Visitor: 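Take a look at this one; I'll ask things after.
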Amino acid sequence: MIRLYNSRTLKIEDFKSIKPGEVNMYVCGPTVYNHAHIGNARPIIVFDTLRRVFEAEGYKVKFVSNYTDVDDKIIKKALEENVSEKDITSRYIKAYEKVREDLNTIKLDAAPKVTETMDQIIEFIDILVKNKNAYEIDGDVYFRVKSIDNYGQISNQNLDELQAGARIEENDKKESPFDFALWKKTADGIKWDSPWGKGRPGWHTECVVMIEDNFHGMIDIHGGGVDLKFPHHENEVAQNMAVHHNHIANYWIHNAMLNLNGGKMSKSLGNISWAQDVIDKLGSSLVRWFMLSVHYRKELNFSDEAIETAKKELDKVLMTLKNAMIKLQLNDYSGDDFDEESYRSFLDQMDDDLNTPNAYTVIYDTIKKLNASLRNKEINFKEVGKYTNSVDKMLKVLGIKYEKVKLNQDDKDLFKSWNDAKGIKDFEKADLFRQKLIERGLL
RNA sequence: GGUUCCUUGGCCAAGUGGUAAGGCAUCAGACUGCAACUCUGUGAUCGCCAGUUCAAAUCUGGCAGGAACCUCCA
(Lines give C-alpha, C1' and ligand atoms only; values in the text may rest on other atoms or scores of the structure.)
Protein backbone atom coordinates (compact mmCIF):
# COMPACT_ATOMS: atom_id res chain seq x y z
CA MET A 1 0.00 0.00 0.00
CA ILE A 2 1.41 3.33 -1.04
CA ARG A 3 0.76 6.23 1.32
CA LEU A 4 1.08 9.86 0.40
CA TYR A 5 0.78 13.15 2.25
CA ASN A 6 -2.09 14.99 0.65
CA SER A 7 -1.58 18.70 1.09
CA ARG A 8 -5.26 19.29 0.43
CA THR A 9 -6.28 17.37 3.54
CA LEU A 10 -2.98 17.83 5.39
CA LYS A 11 -2.91 14.13 6.14
CA ILE A 12 -1.03 11.05 5.03
CA GLU A 13 -3.53 8.93 3.16
CA ASP A 14 -3.61 5.48 1.65
CA PHE A 15 -3.25 5.85 -2.07
CA LYS A 16 -6.09 4.53 -4.16
CA SER A 17 -5.99 5.18 -7.87
CA ILE A 18 -9.06 6.11 -9.85
CA LYS A 19 -8.48 3.30 -12.31
CA PRO A 20 -7.07 0.13 -10.78
CA GLY A 21 -3.41 -0.32 -11.62
CA GLU A 22 -3.06 3.04 -13.32
CA VAL A 23 -1.78 6.37 -12.08
CA ASN A 24 -2.33 9.68 -13.81
CA MET A 25 -0.11 12.46 -12.61
CA TYR A 26 0.48 16.05 -13.63
CA VAL A 27 3.18 18.38 -12.39
CA CYS A 28 3.27 22.09 -13.08
CA GLY A 29 6.24 22.80 -15.29
CA PRO A 30 8.46 25.83 -15.67
CA THR A 31 7.97 29.16 -17.36
CA VAL A 32 10.68 29.00 -19.96
CA TYR A 33 12.29 32.42 -19.82
CA ASN A 34 15.59 31.22 -18.44
CA HIS A 35 17.64 28.13 -17.65
CA ALA A 36 16.62 25.72 -14.93
CA HIS A 37 18.37 26.42 -11.65
CA ILE A 38 19.26 23.74 -9.14
CA GLY A 39 16.03 24.37 -7.23
CA ASN A 40 14.06 23.45 -10.32
CA ALA A 41 15.78 20.09 -10.31
CA ARG A 42 14.11 19.09 -7.06
CA PRO A 43 10.55 18.60 -8.35
CA ILE A 44 11.96 16.97 -11.48
CA ILE A 45 13.78 14.39 -9.37
CA VAL A 46 11.10 13.98 -6.71
CA PHE A 47 8.24 13.34 -9.08
CA ASP A 48 10.32 11.17 -11.38
CA THR A 49 11.19 9.08 -8.34
CA LEU A 50 7.54 8.92 -7.32
CA ARG A 51 6.76 7.65 -10.78
CA ARG A 52 9.45 4.98 -10.47
CA VAL A 53 8.00 3.85 -7.14
CA PHE A 54 4.57 3.44 -8.70
CA GLU A 55 6.08 1.50 -11.57
CA ALA A 56 8.11 -0.67 -9.21
CA GLU A 57 4.83 -1.50 -7.48
CA GLY A 58 3.29 -2.51 -10.77
CA TYR A 59 1.30 0.57 -11.73
CA LYS A 60 1.11 1.88 -15.24
CA VAL A 61 1.91 5.58 -14.99
CA LYS A 62 1.02 8.46 -17.24
CA PHE A 63 3.03 11.53 -16.33
CA VAL A 64 2.39 14.90 -17.95
CA SER A 65 4.16 18.17 -17.23
CA ASN A 66 3.77 21.40 -19.14
CA TYR A 67 5.93 24.19 -20.42
CA THR A 68 4.59 27.69 -19.91
CA ASP A 69 5.75 29.38 -23.07
CA VAL A 70 3.59 32.49 -22.86
CA ASP A 71 4.39 34.97 -20.13
CA ASP A 72 5.43 38.57 -19.42
CA LYS A 73 8.97 37.55 -18.58
CA ILE A 74 9.31 35.77 -21.90
CA ILE A 75 8.01 38.78 -23.78
CA LYS A 76 10.36 41.04 -21.89
CA LYS A 77 13.34 38.82 -22.66
CA ALA A 78 12.39 38.63 -26.34
CA LEU A 79 12.24 42.43 -26.53
CA GLU A 80 15.58 42.74 -24.77
CA GLU A 81 17.28 40.37 -27.16
CA ASN A 82 15.32 41.60 -30.12
CA VAL A 83 14.22 38.10 -31.09
CA SER A 84 10.86 36.37 -31.16
CA GLU A 85 9.23 34.80 -28.10
CA LYS A 86 9.48 31.49 -29.88
CA ASP A 87 13.26 31.88 -30.11
CA ILE A 88 13.41 32.37 -26.38
CA THR A 89 11.09 29.55 -25.42
CA SER A 90 12.47 26.95 -27.78
CA ARG A 91 15.97 27.72 -26.50
CA TYR A 92 15.02 27.17 -22.88
CA ILE A 93 12.68 24.26 -23.52
CA LYS A 94 15.56 22.53 -25.23
CA ALA A 95 17.83 23.31 -22.31
CA TYR A 96 15.21 22.09 -19.88
CA GLU A 97 14.77 18.86 -21.77
CA LYS A 98 18.50 18.29 -21.60
CA VAL A 99 18.45 18.81 -17.84
CA ARG A 100 15.64 16.26 -17.53
CA GLU A 101 17.52 13.81 -19.68
CA ASP A 102 20.83 14.35 -17.91
CA LEU A 103 19.07 13.80 -14.61
CA ASN A 104 18.16 10.35 -15.87
CA THR A 105 14.43 10.92 -15.70
CA ILE A 106 11.91 8.72 -17.44
CA LYS A 107 10.61 10.54 -20.46
CA LEU A 108 7.39 12.46 -19.90
CA ASP A 109 4.34 11.02 -21.58
CA ALA A 110 3.44 14.50 -22.76
CA ALA A 111 4.83 18.01 -22.34
CA PRO A 112 2.11 20.35 -23.60
CA LYS A 113 2.78 24.00 -24.33
CA VAL A 114 0.49 26.96 -23.88
CA THR A 115 1.00 28.11 -27.45
CA GLU A 116 -0.23 24.76 -28.67
CA THR A 117 -3.22 24.70 -26.35
CA MET A 118 -4.43 28.23 -27.05
CA ASP A 119 -7.75 27.31 -28.70
CA GLN A 120 -8.80 25.15 -25.78
CA ILE A 121 -7.70 27.79 -23.26
CA ILE A 122 -9.76 30.50 -24.95
CA GLU A 123 -12.70 28.15 -25.19
CA PHE A 124 -12.41 27.34 -21.49
CA ILE A 125 -12.29 31.01 -20.48
CA ASP A 126 -15.29 31.63 -22.69
CA ILE A 127 -17.27 29.02 -20.79
CA LEU A 128 -16.33 30.68 -17.50
CA VAL A 129 -17.48 34.05 -18.82
CA LYS A 130 -20.75 32.63 -20.12
CA ASN A 131 -21.36 30.90 -16.79
CA LYS A 132 -20.77 34.21 -14.98
CA ASN A 133 -17.74 32.76 -13.19
CA ALA A 134 -15.65 35.35 -14.97
CA TYR A 135 -16.14 38.87 -16.26
CA GLU A 136 -14.52 41.14 -18.78
CA ILE A 137 -13.28 44.66 -18.13
CA ASP A 138 -11.56 46.63 -20.88
CA GLY A 139 -10.31 43.53 -22.67
CA ASP A 140 -9.13 41.81 -19.49
CA VAL A 141 -10.97 38.82 -18.13
CA TYR A 142 -11.00 38.01 -14.41
CA PHE A 143 -12.24 35.01 -12.50
CA ARG A 144 -14.97 35.90 -10.02
CA VAL A 145 -13.73 34.22 -6.87
CA LYS A 146 -16.98 34.84 -5.02
CA SER A 147 -18.87 32.85 -7.65
CA ILE A 148 -17.78 29.61 -6.10
CA ASP A 149 -18.42 28.88 -2.47
CA ASN A 150 -15.32 27.04 -1.36
CA TYR A 151 -12.42 29.12 -2.56
CA GLY A 152 -9.44 28.35 -0.33
CA GLN A 153 -9.94 24.61 0.09
CA ILE A 154 -6.48 23.70 -1.14
CA SER A 155 -4.49 26.18 0.87
CA ASN A 156 -6.86 26.63 3.81
CA GLN A 157 -7.06 30.28 3.06
CA ASN A 158 -10.07 32.28 4.12
CA LEU A 159 -10.97 35.13 1.82
CA ASP A 160 -11.76 37.38 4.78
CA GLU A 161 -8.30 36.83 6.21
CA LEU A 162 -6.23 37.21 3.10
CA GLN A 163 -4.25 40.36 3.02
CA ALA A 164 -5.03 42.07 -0.20
CA GLY A 165 -2.08 43.55 -1.96
CA ALA A 166 0.41 42.06 0.44
CA ARG A 167 2.96 41.86 -2.29
CA ILE A 168 1.38 43.20 -5.41
CA GLU A 169 -0.29 46.52 -6.02
CA GLU A 170 -4.03 46.33 -5.96
CA ASN A 171 -5.89 46.60 -9.18
CA ASP A 172 -9.04 48.63 -8.60
CA LYS A 173 -10.65 47.56 -11.83
CA LYS A 174 -11.40 44.17 -10.35
CA GLU A 175 -14.59 43.43 -8.41
CA SER A 176 -12.54 41.84 -5.67
CA PRO A 177 -8.82 42.03 -5.07
CA PHE A 178 -8.70 38.25 -5.04
CA ASP A 179 -10.14 37.84 -8.49
CA PHE A 180 -7.39 36.67 -10.78
CA ALA A 181 -6.65 37.28 -14.43
CA LEU A 182 -7.68 34.70 -17.00
CA TRP A 183 -7.01 36.86 -20.02
CA LYS A 184 -4.93 39.98 -20.34
CA LYS A 185 -5.14 42.61 -22.99
CA THR A 186 -1.59 43.23 -24.18
CA ALA A 187 0.09 45.95 -26.12
CA ASP A 188 3.59 44.51 -26.39
CA GLY A 189 4.73 41.14 -27.56
CA ILE A 190 2.99 38.10 -28.88
CA LYS A 191 -0.82 38.10 -28.73
CA TRP A 192 -3.79 36.06 -29.83
CA ASP A 193 -7.30 36.86 -30.99
CA SER A 194 -10.07 36.18 -28.55
CA PRO A 195 -13.71 37.14 -27.97
CA TRP A 196 -12.33 39.88 -25.68
CA GLY A 197 -9.84 41.28 -28.15
CA LYS A 198 -6.16 40.68 -28.68
CA GLY A 199 -4.21 39.47 -25.70
CA ARG A 200 -2.81 36.46 -23.93
CA PRO A 201 -3.98 34.07 -21.24
CA GLY A 202 -3.15 34.31 -17.55
CA TRP A 203 -1.16 31.61 -15.91
CA HIS A 204 -3.76 29.71 -13.91
CA THR A 205 -5.93 28.43 -16.72
CA GLU A 206 -3.40 26.49 -18.73
CA CYS A 207 -2.85 23.65 -16.27
CA VAL A 208 -6.57 23.06 -15.88
CA VAL A 209 -7.04 22.91 -19.63
CA MET A 210 -4.00 20.74 -20.22
CA ILE A 211 -5.14 18.24 -17.63
CA GLU A 212 -8.55 18.13 -19.26
CA ASP A 213 -6.86 17.77 -22.64
CA ASN A 214 -4.52 14.97 -21.65
CA PHE A 215 -6.55 13.04 -19.13
CA HIS A 216 -10.20 13.85 -19.85
CA GLY A 217 -11.27 13.99 -16.23
CA MET A 218 -9.98 13.88 -12.68
CA ILE A 219 -6.43 12.74 -12.15
CA ASP A 220 -4.79 10.92 -9.28
CA ILE A 221 -1.90 13.21 -8.48
CA HIS A 222 -1.23 16.87 -9.05
CA GLY A 223 2.23 18.00 -8.03
CA GLY A 224 4.49 21.00 -7.86
CA GLY A 225 6.54 23.10 -5.47
CA VAL A 226 4.87 24.38 -2.30
CA ASP A 227 5.22 27.88 -3.60
CA LEU A 228 2.53 27.01 -6.13
CA LYS A 229 -0.01 25.92 -3.57
CA PHE A 230 -1.42 29.38 -3.29
CA PRO A 231 -2.59 30.98 -5.42
CA HIS A 232 -1.80 28.85 -8.47
CA HIS A 233 -3.25 25.53 -7.40
CA GLU A 234 -6.05 27.19 -5.52
CA ASN A 235 -7.01 29.02 -8.67
CA GLU A 236 -6.79 25.88 -10.74
CA VAL A 237 -9.27 24.23 -8.43
CA ALA A 238 -11.52 27.27 -8.47
CA GLN A 239 -11.78 27.18 -12.24
CA ASN A 240 -12.22 23.46 -12.36
CA MET A 241 -14.92 23.60 -9.71
CA ALA A 242 -16.76 26.17 -11.76
CA VAL A 243 -16.72 24.07 -14.92
CA HIS A 244 -16.28 20.43 -13.92
CA HIS A 245 -17.43 20.53 -10.26
CA ASN A 246 -14.46 18.63 -8.86
CA HIS A 247 -11.08 19.53 -7.39
CA ILE A 248 -9.04 18.14 -10.32
CA ALA A 249 -6.87 15.71 -8.39
CA ASN A 250 -7.36 13.30 -5.50
CA TYR A 251 -3.87 13.85 -4.14
CA TRP A 252 -2.01 17.14 -4.09
CA ILE A 253 1.71 16.65 -3.56
CA HIS A 254 4.03 19.56 -2.91
CA ASN A 255 7.79 19.43 -2.58
CA ALA A 256 9.62 21.82 -0.25
CA MET A 257 12.09 24.39 -1.48
CA LEU A 258 15.82 24.08 -1.87
CA ASN A 259 18.09 26.62 -0.22
CA LEU A 260 21.58 27.58 -1.17
CA ASN A 261 24.05 27.72 1.72
CA GLY A 262 21.20 28.25 4.15
CA GLY A 263 19.53 31.06 2.24
CA LYS A 264 17.19 31.55 -0.62
CA MET A 265 18.52 31.55 -4.13
CA SER A 266 17.76 34.76 -5.90
CA LYS A 267 18.94 36.83 -8.77
CA SER A 268 19.31 39.90 -6.61
CA LEU A 269 21.74 38.01 -4.39
CA GLY A 270 23.51 36.74 -7.46
CA ASN A 271 23.73 33.25 -6.04
CA ILE A 272 21.90 31.23 -8.67
CA SER A 273 23.29 27.79 -9.37
CA TRP A 274 22.22 26.51 -12.75
CA ALA A 275 21.04 22.93 -12.84
CA GLN A 276 23.04 22.08 -15.94
CA ASP A 277 26.28 23.38 -14.40
CA VAL A 278 25.71 21.41 -11.24
CA ILE A 279 24.92 18.24 -13.18
CA ASP A 280 27.97 18.68 -15.38
CA LYS A 281 30.15 19.15 -12.34
CA LEU A 282 28.74 16.50 -10.01
CA GLY A 283 27.05 14.02 -12.29
CA SER A 284 23.39 13.11 -12.28
CA SER A 285 23.69 10.28 -9.80
CA LEU A 286 25.23 12.42 -7.11
CA VAL A 287 22.65 15.15 -7.70
CA ARG A 288 19.84 12.64 -7.37
CA TRP A 289 21.39 10.96 -4.34
CA PHE A 290 21.79 14.32 -2.64
CA MET A 291 18.28 15.54 -3.50
CA LEU A 292 16.68 12.35 -2.21
CA SER A 293 18.75 12.19 0.95
CA VAL A 294 16.24 14.47 2.66
CA HIS A 295 12.48 13.92 2.71
CA TYR A 296 10.80 15.80 -0.12
CA ARG A 297 8.55 17.81 2.22
CA LYS A 298 11.49 19.15 4.17
CA GLU A 299 13.62 22.04 3.11
CA LEU A 300 16.92 21.00 1.67
CA ASN A 301 20.12 22.98 1.93
CA PHE A 302 22.48 22.84 -1.01
CA SER A 303 26.02 23.40 0.24
CA ASP A 304 29.51 22.14 -0.44
CA GLU A 305 29.52 20.29 2.84
CA ALA A 306 26.24 18.53 2.11
CA ILE A 307 27.45 17.54 -1.34
CA GLU A 308 30.70 16.29 0.12
CA THR A 309 28.85 14.02 2.53
CA ALA A 310 26.48 12.80 -0.16
CA LYS A 311 29.43 11.98 -2.38
CA LYS A 312 31.08 9.88 0.31
CA GLU A 313 27.85 8.02 0.90
CA LEU A 314 27.18 7.29 -2.75
CA ASP A 315 30.80 6.36 -3.43
CA LYS A 316 30.70 3.84 -0.64
CA VAL A 317 27.62 2.20 -2.09
CA LEU A 318 28.96 2.15 -5.62
CA MET A 319 32.41 1.00 -4.54
CA THR A 320 30.94 -1.97 -2.75
CA LEU A 321 28.86 -2.88 -5.78
CA LYS A 322 31.92 -2.63 -7.96
CA ASN A 323 33.96 -4.88 -5.70
CA ALA A 324 31.14 -7.38 -5.57
CA MET A 325 30.68 -7.42 -9.31
CA ILE A 326 34.40 -7.97 -9.85
CA LYS A 327 34.43 -10.84 -7.38
CA LEU A 328 31.40 -12.36 -9.08
CA GLN A 329 32.88 -12.08 -12.53
CA LEU A 330 36.25 -13.45 -11.48
CA ASN A 331 34.34 -16.49 -10.33
CA ASP A 332 32.01 -16.62 -13.32
CA TYR A 333 28.89 -16.20 -11.25
CA SER A 334 26.06 -14.51 -13.09
CA GLY A 335 22.81 -15.29 -11.31
CA ASP A 336 20.14 -12.65 -11.52
CA ASP A 337 18.10 -13.45 -8.42
CA PHE A 338 17.99 -10.78 -5.75
CA ASP A 339 17.47 -10.59 -2.01
CA GLU A 340 13.74 -10.12 -1.78
CA GLU A 341 13.65 -9.24 1.89
CA SER A 342 15.87 -6.18 1.62
CA TYR A 343 14.30 -5.01 -1.63
CA ARG A 344 10.84 -5.33 -0.10
CA SER A 345 11.75 -3.28 2.96
CA PHE A 346 13.32 -0.68 0.69
CA LEU A 347 10.10 -0.38 -1.27
CA ASP A 348 8.08 -0.27 1.95
CA GLN A 349 9.99 2.85 2.92
CA MET A 350 9.52 4.39 -0.49
CA ASP A 351 5.83 3.56 -0.35
CA ASP A 352 5.59 5.42 2.94
CA ASP A 353 5.18 8.92 1.52
CA LEU A 354 8.47 8.58 -0.32
CA ASN A 355 10.53 8.21 2.83
CA THR A 356 13.85 8.24 1.02
CA PRO A 357 16.00 8.81 4.15
CA ASN A 358 14.68 5.58 5.61
CA ALA A 359 15.03 3.85 2.26
CA TYR A 360 18.69 4.86 2.34
CA THR A 361 19.18 3.09 5.65
CA VAL A 362 17.93 -0.10 3.99
CA ILE A 363 20.57 0.42 1.33
CA TYR A 364 23.29 0.95 3.94
CA ASP A 365 22.12 -2.11 5.77
CA THR A 366 22.23 -4.24 2.64
CA ILE A 367 25.60 -2.83 1.67
CA LYS A 368 26.91 -3.74 5.09
CA LYS A 369 25.69 -7.31 4.70
CA LEU A 370 27.21 -7.44 1.25
CA ASN A 371 30.57 -6.25 2.54
CA ALA A 372 30.46 -8.72 5.37
CA SER A 373 29.74 -11.43 2.87
CA LEU A 374 32.68 -10.32 0.74
CA ARG A 375 35.03 -10.46 3.73
CA ASN A 376 34.49 -14.16 4.26
CA LYS A 377 37.37 -16.46 3.43
CA GLU A 378 34.96 -18.76 1.65
CA ILE A 379 32.72 -16.44 -0.29
CA ASN A 380 29.11 -17.47 -0.86
CA PHE A 381 28.68 -16.15 -4.38
CA LYS A 382 25.00 -16.79 -4.51
CA GLU A 383 24.55 -14.61 -1.45
CA VAL A 384 26.84 -11.90 -2.83
CA GLY A 385 24.91 -11.99 -6.09
CA LYS A 386 21.58 -11.64 -4.32
CA TYR A 387 22.62 -8.61 -2.29
CA THR A 388 24.29 -7.02 -5.29
CA ASN A 389 21.22 -7.41 -7.47
CA SER A 390 18.98 -6.19 -4.69
CA VAL A 391 20.91 -2.94 -4.25
CA ASP A 392 21.05 -2.57 -8.01
CA LYS A 393 17.27 -2.68 -8.11
CA MET A 394 17.00 -0.15 -5.30
CA LEU A 395 19.23 2.28 -7.14
CA LYS A 396 17.06 1.86 -10.22
CA VAL A 397 14.02 3.00 -8.27
CA LEU A 398 16.00 6.05 -7.18
CA GLY A 399 17.05 6.68 -10.76
CA ILE A 400 20.71 6.35 -9.82
CA LYS A 401 22.71 5.34 -12.85
CA TYR A 402 26.21 3.93 -12.52
CA GLU A 403 28.67 2.17 -14.69
CA LYS A 404 28.81 -1.57 -14.19
CA VAL A 405 32.26 -3.11 -14.42
CA LYS A 406 32.73 -5.61 -17.15
CA LEU A 407 35.98 -7.55 -16.89
CA ASN A 408 37.70 -8.68 -20.05
CA GLN A 409 40.23 -11.51 -20.18
CA ASP A 410 43.16 -9.11 -19.69
CA ASP A 411 41.58 -7.79 -16.52
CA LYS A 412 41.04 -11.26 -15.21
CA ASP A 413 44.63 -12.21 -16.00
CA LEU A 414 45.82 -9.12 -14.19
CA PHE A 415 43.93 -10.08 -11.06
CA LYS A 416 45.38 -13.55 -11.27
CA SER A 417 48.93 -12.26 -11.68
CA TRP A 418 48.46 -9.95 -8.73
CA ASN A 419 47.21 -12.74 -6.52
CA ASP A 420 49.92 -15.12 -7.70
CA ALA A 421 52.63 -12.59 -6.92
CA LYS A 422 51.16 -12.02 -3.48
CA GLY A 423 51.01 -15.79 -3.03
CA ILE A 424 54.76 -16.14 -3.44
CA LYS A 425 55.31 -12.93 -1.45
CA ASP A 426 56.85 -11.12 -4.40
CA PHE A 427 55.48 -7.77 -3.24
CA GLU A 428 57.43 -5.69 -5.68
CA LYS A 429 55.76 -7.47 -8.58
CA ALA A 430 52.43 -7.48 -6.78
CA ASP A 431 52.51 -3.72 -6.36
CA LEU A 432 53.13 -3.34 -10.06
CA PHE A 433 50.04 -5.36 -10.91
CA ARG A 434 48.07 -3.52 -8.27
CA GLN A 435 49.08 -0.22 -9.80
CA LYS A 436 47.82 -1.40 -13.18
CA LEU A 437 44.51 -2.48 -11.70
CA ILE A 438 44.13 0.89 -10.04
CA GLU A 439 44.85 2.62 -13.31
CA ARG A 440 42.09 0.61 -14.94
CA GLY A 441 39.71 1.68 -12.20
CA LEU A 442 39.28 -1.83 -10.92
CA LEU A 443 40.53 -1.23 -7.39
C1' G B 1 -2.55 40.28 10.38
C1' G B 2 -3.84 35.16 8.09
C1' U B 3 -2.40 30.07 6.39
C1' U B 4 0.99 25.99 6.50
C1' C B 5 5.34 24.09 8.49
C1' C B 6 10.03 23.49 11.12
C1' U B 7 13.49 23.34 15.90
C1' U B 8 16.46 15.72 17.54
C1' G B 9 24.25 14.27 19.32
C1' G B 10 29.98 18.26 15.89
C1' C B 11 27.24 18.16 10.85
C1' C B 12 23.09 15.77 7.99
C1' A B 13 18.68 13.14 9.15
C1' A B 14 14.48 9.23 10.53
C1' G B 15 11.01 8.38 14.31
C1' U B 16 5.08 11.40 15.82
C1' G B 17 2.25 7.87 22.72
C1' G B 18 5.77 2.95 25.28
C1' U B 19 10.91 4.73 27.08
C1' A B 20 16.02 7.91 20.87
C1' A B 21 17.12 4.42 13.28
C1' G B 22 20.82 5.57 9.88
C1' G B 23 24.77 8.40 7.43
C1' C B 24 29.15 11.79 7.61
C1' A B 25 32.93 13.27 10.98
C1' U B 26 35.74 11.91 15.72
C1' C B 27 38.30 8.53 18.79
C1' A B 28 39.69 3.33 19.81
C1' G B 29 40.34 -1.59 18.00
C1' A B 30 40.40 -5.70 14.02
C1' C B 31 41.81 -7.27 9.13
C1' U B 32 46.20 -6.41 5.69
C1' G B 33 53.13 -7.51 3.17
C1' C B 34 52.27 -2.03 3.16
C1' A B 35 48.13 0.94 1.61
C1' A B 36 43.20 1.47 0.10
C1' C B 37 38.64 -0.90 0.89
C1' U B 38 36.05 -3.37 4.78
C1' C B 39 34.47 -4.82 9.78
C1' U B 40 33.66 -3.84 15.28
C1' G B 41 33.08 -0.46 19.18
C1' U B 42 32.42 4.97 20.45
C1' G B 43 28.29 10.03 21.90
C1' A B 44 22.18 13.00 22.44
C1' U B 45 16.34 12.49 26.53
C1' C B 46 14.80 15.21 21.44
C1' G B 47 14.39 24.64 21.49
C1' C B 48 12.17 26.40 26.56
C1' C B 49 8.00 26.20 30.23
C1' A B 50 3.47 24.08 31.92
C1' G B 51 -0.36 20.37 31.39
C1' U B 52 -2.87 15.47 29.90
C1' U B 53 -1.35 10.22 30.62
C1' C B 54 0.59 4.35 34.06
C1' A B 55 3.81 6.17 29.96
C1' A B 56 5.51 12.00 25.55
C1' A B 57 10.70 13.74 21.34
C1' U B 58 5.78 12.10 19.81
C1' C B 59 -0.88 14.89 22.42
C1' U B 60 -2.68 20.04 24.52
C1' G B 61 -1.52 25.19 25.88
C1' G B 62 2.07 29.06 26.26
C1' C B 63 6.94 31.17 25.09
C1' A B 64 11.41 31.70 22.00
C1' G B 65 13.75 31.15 17.27
C1' G B 66 13.29 29.98 11.96
C1' A B 67 10.92 28.95 6.91
C1' A B 68 7.28 29.15 2.85
C1' C B 69 2.88 31.35 0.92
C1' C B 70 -0.95 35.57 0.95
C1' U B 71 -2.30 37.34 -7.54
C1' C B 72 1.75 34.28 -12.04
C1' C B 73 9.20 32.04 -8.12
C1' A B 74 9.59 24.56 -8.51
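Reminder, nothing fancy here: chain letters follow the sequence lines and each chain counts from 1. Here the structure is a predicted model, which means the values were calculated and not measured.
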Visitor: Atom NZ of A/Lys327 and atom C1' of B/rU38: how far apart are they, to the nearest Å?
Guide: 10 Å
Visitor: Can you check each nucleotide of nucleotides 22-37 of chain B against protein heavy atoms at under 4.0 Å and return B for base, S for sugar-phosphate only, - for none, in 5' to 3' order?
Guide: SSSS-------BBB-S
Visitor: Which pairs count as salt bridge (charged side-chain N to carboxylate O under 4.0 Å, His left out) when at least one residue sits in residues 1-10 of chain A, sequence neighbours excluded?
Guide: A/Arg3-A/Asp14, A/Arg3-A/Asp352
Visitor: State plainly whether the residues A/Glu234 and A/Lys229 are in salt-bridge range, i.e. N to O under 4.0 Å.
Guide: no
Visitor: Nearest whole Å is fine: how far is B/rU4 C1' from A/Asn255 CG?
Guide: 15 Å
Visitor: Does A/Asn355 put a side-chain nitrogen or oxygen below 4.0 Å from OP1 or OP2 of B/rG15?
Guide: yes
Visitor: Need one value for A/His254: base, sugar-phosphate or nothing, where a base atom within 4.0 Å counts as base even if backbone is also close, heavy atoms only.
Guide: nothing
Visitor: Just list the side-chain donor-acceptor pairs under 3.5 Å for residues 280-288 of chain A, sequence neighbours left out, or say none.
Guide:
{"residue": "A/Asp280", "atom": "OD1", "partner": "A/Gln276", "partner atom": "NE2", "Å": "3.1"}
{"residue": "A/Ser284", "atom": "OG", "partner": "A/Asp102", "partner atom": "O", "Å": "3.4"}
{"residue": "A/Ser285", "atom": "OG", "partner": "A/Lys401", "partner atom": "N", "Å": "3.2"}
{"residue": "A/Ser285", "atom": "OG", "partner": "A/Lys401", "partner atom": "O", "Å": "2.4"}
{"residue": "A/Arg288", "atom": "NE", "partner": "A/Leu398", "partner atom": "O", "Å": "2.8"}
{"residue": "A/Arg288", "atom": "NE", "partner": "A/Gly399", "partner atom": "O", "Å": "3.4"}
{"residue": "A/Arg288", "atom": "NH1", "partner": "A/Asp48", "partner atom": "OD2", "Å": "3.0"}
{"residue": "A/Arg288", "atom": "NH1", "partner": "A/Leu103", "partner atom": "O", "Å": "2.9"}
{"residue": "A/Arg288", "atom": "NH1", "partner": "A/Asn104", "partner atom": "O", "Å": "3.2"}
{"residue": "A/Arg288", "atom": "NH2", "partner": "A/Asp48", "partner atom": "OD2", "Å": "2.8"}
{"residue": "A/Arg288", "atom": "NH2", "partner": "A/Thr49", "partner atom": "OG1", "Å": "3.1"}
{"residue": "A/Arg288", "atom": "NH2", "partner": "A/Leu398", "partner atom": "O", "Å": "3.2"}

Visitor: Salt-bridged, A/Asp420 to A/Lys429, with N to O below 4.0 Å?
Guide: no
Visitor: Is it true that A/Arg51 and A/Asp109 make a salt bridge, defined as a side-chain N closer than 4.0 Å to a carboxylate O?
Guide: yes
Visitor: Donor-acceptor pairs under 3.5 angstrom involving side-chain atoms of residues 180-190 of chain A: please list them, not counting sequence neighbours.
Guide:
{"residue": "A/Trp183", "atom": "NE1", "partner": "A/Ser194", "partner atom": "OG", "Å": "3.4"}
{"residue": "A/Lys185", "atom": "NZ", "partner": "A/Asp138", "partner atom": "O", "Å": "3.1"}

Visitor: Which part of the nucleic acid does A/Ala41 contact within heavy-atom distance under 4.0 Å: base, sugar-phosphate only, or nothing?
Guide: nothing
Visitor: Ion pair present between A/Asp339 and A/Lys369, side-chain N to carboxylate O less than 4.0 angstrom?
Guide: no
Visitor: What dot-bracket string describes RNA chain B from 5' to 3', counting Watson-Crick and G-U wobble pairs whose defining distances are under 3.5 Å, with [ ] for crossing pairs and | for pairs to another strand?
Guide: (((((((..(((.....[...)))..((((.......)))).....(((((..]....))))))))))))....
Visitor: Does the distance from a Lys or Arg side-chain N to an Asp or Glu carboxylate O, for A/Arg344 and A/Asp351, drop under 4.0 Å?
Guide: yes
Visitor: I need the residues from residues 1-15 of chain A with at least one non-hydrogen atom less than 4.0 Å from RNA chain B; give them sorted by number, or say none.
Guide: A/Tyr5, A/Leu10
Visitor: Using atom NZ of A/Lys369 as one end and atom C1' of B/rU38 as the other, report the distance to the nearest whole Å.
Guide: 17 Å
Visitor: Would you say the ring centroid of A/Trp274 lies under 6.0 angstrom from that of A/His37?
Guide: no
Visitor: Is the distance between the ring centroids of A/Tyr5 and A/Tyr251 under 6.0 Å?
Guide: no
Visitor: Aromatic contact between A/His233 and A/His204, with the criterion being ring centroids under 6.0 Å apart: yes or no?
Guide: no
